[in-house]
Amino acid sequence: MASHGAPGAVDNKVDNKEERMLSVADNEKITRVGPGTPMGEVFRRFWIPALLSSELPERDGPPVKVGLLGEKLVAFRDSSGQVGLLDSRCPHRHANLYWARNEEGGLRCVYHGWKFTVDGTCVDQPAEPAGSHFKDHVCAVAYQTHEAGGIIWAYLGPKDRTPPFPAFDWLRLPPEKYFAHKRLQVCNYLQNVEGEVDTAHLNFLHRAFGPDQPLLPPENLRRKRYFVAETPFGLACMARSDEGGDQYYWRMTPFMLPSFTVVPSGYDEMKIFTAATPIDDTTMWGFTVLWHPDPERELAFRNFMDVDPVTFVPHANINNDYLRDLDKQRTENWTGMGSIRTQDMAAQEDQDGPICRRDQEHLGVTDRAIVATRRLLLKLADDLAQGIEPAQAQAAEAYRCRSVAVTAPRSVDPTELWKQGQPVPERALVGAAG
Amino acid sequence: VALDEAGGGLSGWDDGDDEVVSDLLPATIEGVAVRLRRSHSFVQLVYRESELDALWSLADLAVGKAADRQAPPGAGLLGVEGASPEERLQLRSLLHQAHDLAAASRPAEAADLLVEAARLCASWSP
């Protein structure tokens with residue numbers, strides 16, 4: 001019996017696998033984040049979210065395991081409240097510092113008692129002979145941390161390249177006015193980032209409908225036009241739909257390097273910051289922060305997504321089909337899944353495995369934001385390999401940005417719509433007060 | 001755009017052309033070539049790369065159909081029905097090269113290859 005390839009399969013004898021829009025090599029380059037990899041180095045030029053502040057609730061409390069960029073680390077809050085982030089391996093014989101005693105200003109390895117402060121300094125080696133200075137020559141690998149906005153951020157790059165900390169918009173608010181959340185997502189970080197900048201999926205994956213409504217959204221909403229623009233922090237990814245009459249509806253998503261976005265919403269609506277922090281090449285932490293630009297307003301909701309309080313695994317996950325309800329899918333929404341984030345996860349975690357094989361994709365002109373994001377990340381990786389540092393890491397104030405979703409007359413310049421949505425510069429506020 | 005400005009402002013805004021890339025007809029490919037010749041900024045080249053992605057996707061699907069012995073007789077895509085499997089591969093190869101040139105900020109050379117690709121398509125078009 002003659003063998004047949006799967007529908008759409010191509011005879012390997014005549015098909016050149018290198019003739020792909022994103023080559024296998026570029027897909028490797030853009031997705032791998034471990035030490036020494038091109039994209040791993042890019043991530044190591046930015047402050048990235050590492051864990052929630054609430055995971056280290058007390059001084060001298062138990063250390064927490066933290067996976068970041070392929071590195072196994074432990075975080076702890078010392079006696080003075082400072083947060084340390086150390087390589088989980090004790091430099092002595094690699095016992096895991098997760099088991100360490102957190103007391104009197106440092107972590108003490110349970111194996112032989114070596115003790116380290118938050119900056120990795122070894123302050124005690126109790127088994128060494130009297131008069132030994134061995135500890136003065138030993139230190140643990142320690143990374144800088146910065147606690148802000150409900151999150152403990154980390155910088156894993158060279159110390160002499162430490163960038164200023166980004167001035168995210170919610171940092172000016174008191175803690176009760178924002179809500180930080182974290183989830184485990186089982187896929188490469190880029191699948192999440194691409195989902196965040198891809199407005200085209202909005203009217204399908206997140207479609208909700210009533211019993212008398214058609215399955216597909218109105219044509220004007222689903223047939224959008226897509227644009228991108230450069231910004232000091234990365235990109236603005238935009239979609240425009242025709243609202244009829246003289247009106248356009250604009251959605252503008254800031255893509256802040258290396259892997260942050262803000263979900264589009266109205267000028268006077270709650271904002272949702274998203275960050276995809278790679279744990280390694282195939283898993284990531286999905287951080288979200290909810291805040292309202294108006295400090296007088298309360299958040300519309302706080303329960304972003306139900307997750308296990310210890311592992312941060314979402315209750316609806318791939319192992320239970322994301323709790324898909326087939327009746328609901330027939331009568332209520334496109335997927336039959338509960339929350340928008342769950343719907344996103346189903347799409348992103350199951351894109352042909354934890355690392356999407358982009359060399360086998362078929363993109364169209366609606367994928368402009370995806371193309372722009374990949375092109376920018378690859379350029380940054382190539383530039384850095386040539387010794388050119390990413391300028392975006394220095395644009396701290398520009399990170400204080402908001403998304404936009406607005407209906408406006410067709411004649412209005414979209415760059416003006418963007419500008420109207422942005423916060424008043426801090427220095428202007430200071431000037432006004434003074 | 002000032003780096004210390006909240007939100008940062010936008011640069012390189014380009015409304016683009018109202019392009020549709022959904023076939024491999026010579027006129028469609030030539031249209032991308034024309035736009036490529038006047039594209040220079042990062043944003044403009046991203047738009048062109050996206051159009052080249054679409055052209056390549058169509059060509060790759062056409063290659064797949066040619067090699068798929070279970071495909072319905074006469075299956076093809078607009079613009080390549082008359083092309084042999086080898087010609088479809090040749091077209092896809094040209095589009096791939098043009099794509100990579102555009103991605104490398106070499107739009108004129110990419111456009112030249114698209115002109116060649118359009119000529120190839122014209123040779124089998126009715």
Side-chain angles (χ1 to χ4, degrees), chain A residues 2 4-11 14-16 18-21 23 167 169 225-234 236 252 254 361-368 370-372 375-376 378-379 391 394-402 413-415 418-419 421-428, chain B residues 1-22 32 41-61 63-72 75 85-86 88-89 92-97 99-100 102-103 105:
Chain A
H4 294 286
V10 178
D11 186 344
V14 294
D15 188 27
N16 184 347
E18 290 308 305
E19 289 184 355
R20 300 292 167 176
M21 291 296 89
S23 66
D169 191 39
R225 290 201 59 206
Y226 300 90
F227 309 92
V228 292
E230 292 178 274
T231 72
F233 54 71
M252 303 181 174
E361 292 174 324
H362 294 97
L363 303 185
V365 291
T366 60
D367 295 306
R368 274 181 174 176
I370 309 292
V371 172
R375 194 52 57 202
L376 179 59
L378 287 169
K379 181 177 182 334
Q394 302 301 318
E397 184 61 23
Y399 277 72
R400 201 160 73 83
C401 74
R402 299 174 187 164
D413 183 345
T415 63
W418 170 269
K419 210 167 162 184
Q422 301 313 313
V424 177
E426 201 70 56
R427 60 181 184 283
Chain B
V1 176
L3 289 183
D4 62 350
E5 187 181 326
L10 305 181
S11 61
W13 168 258
D14 190 306
D15 196 32
D17 298 286
D18 209 4
E19 71 294 329
V20 173
V21 178
S22 56
V32 178
S41 70
F42 173 82
V43 168
Q44 289 166 338
L45 289 171
V46 161
Y47 289 3
R48 300 294 86 78
E49 187 178 341
S50 176
E51 290 163 39
L52 282 159
D53 279 338
L55 288 175
W56 180 90
S57 290
L58 292 167
D60 188 57
L61 292 166
V63 168
K65 281 183 190 289
D68 178 9
R69 284 176 280 181
Q70 291 186 328
E86 291 73 23
R88 293 181 191 199
L89 280 168
R92 192 186 67 179
S93 180
L94 283 169
L95 295 173
H96 173 258
Q97 292 172 57
H99 171 273
D100 282 6
S105 301

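Labels below follow one simple rule: chain letters A, B, ... track the order of the sequence lines, proteins then strands, and each chain is numbered from 1. Values in this document were obtained by computation on a predicted structure and should not be read as measured data.
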Nearest non-hydrogen partners of [X] and [Y], listed with the distance:
| X | Y | answer |
| --- | --- | --- |
| A:Arg368 | B:Arg48 | NH2-NH2, 4.3 Å |
| A:Arg20 | B:Arg92 | NH2-NH1, 4.3 Å |
| A:Val228 | B:Tyr47 | N-OH, 3.2 Å |
| B:Ala54 | A:Gly364 | CB-CA, 3.9 Å |

| Nearest-0.5 Å distance, CE of residue A:Met252 to CG of residue B:Leu10 |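 Taking CE in A:Met252 and CG in B:Leu10, the distance rounds to 7.0 Å.
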
| query | Under 3.5 Å, side chain of B:Ser50 to main-chain N/O of A:Asp367, donor-acceptor pair present? | reply |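 Looks like no, no N/O pair under 3.5 Å.
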
| Is chain B contacted by the side chain of A:Leu376, its backbone, both, or neither, given a heavy-atom distance below 4.5 Å? |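 Its backbone and side chain both get close to chain B.
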
| field | Option that, when pairs with chain B are counted at under 4.5 Å, heavy atom only, ranks first among A:Ala167, A:Pro414, A:Ala236 | value |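 With the most close heavy-atom pairs to chain B, the winner is A:Pro414.
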
| Among A:Asp169, A:Asp413, A:Val371, which residue forms the greatest number of heavy-atom pairs with chain B at distances under 4.5 Å? |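 Looking at each of A:Asp169, A:Asp413, A:Val371 in turn, A:Val371 comes out on top.
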
| request: Please determine which of B:Leu58, B:Asp53, B:Asp60 meets the side chain to side chain contact (heavy atoms under 4.5 Å, CB included) test together with A:His362. | output: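 Filter result, single survivor: B:Asp60.
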
| task | Can you tell which part of B:Leu55 gets under 4.5 Å to a heavy atom of chain A, answering side chain, backbone, both or neither? | result |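 Nothing of B:Leu55, per the 4.5 Å heavy-atom cut-off to chain A.
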
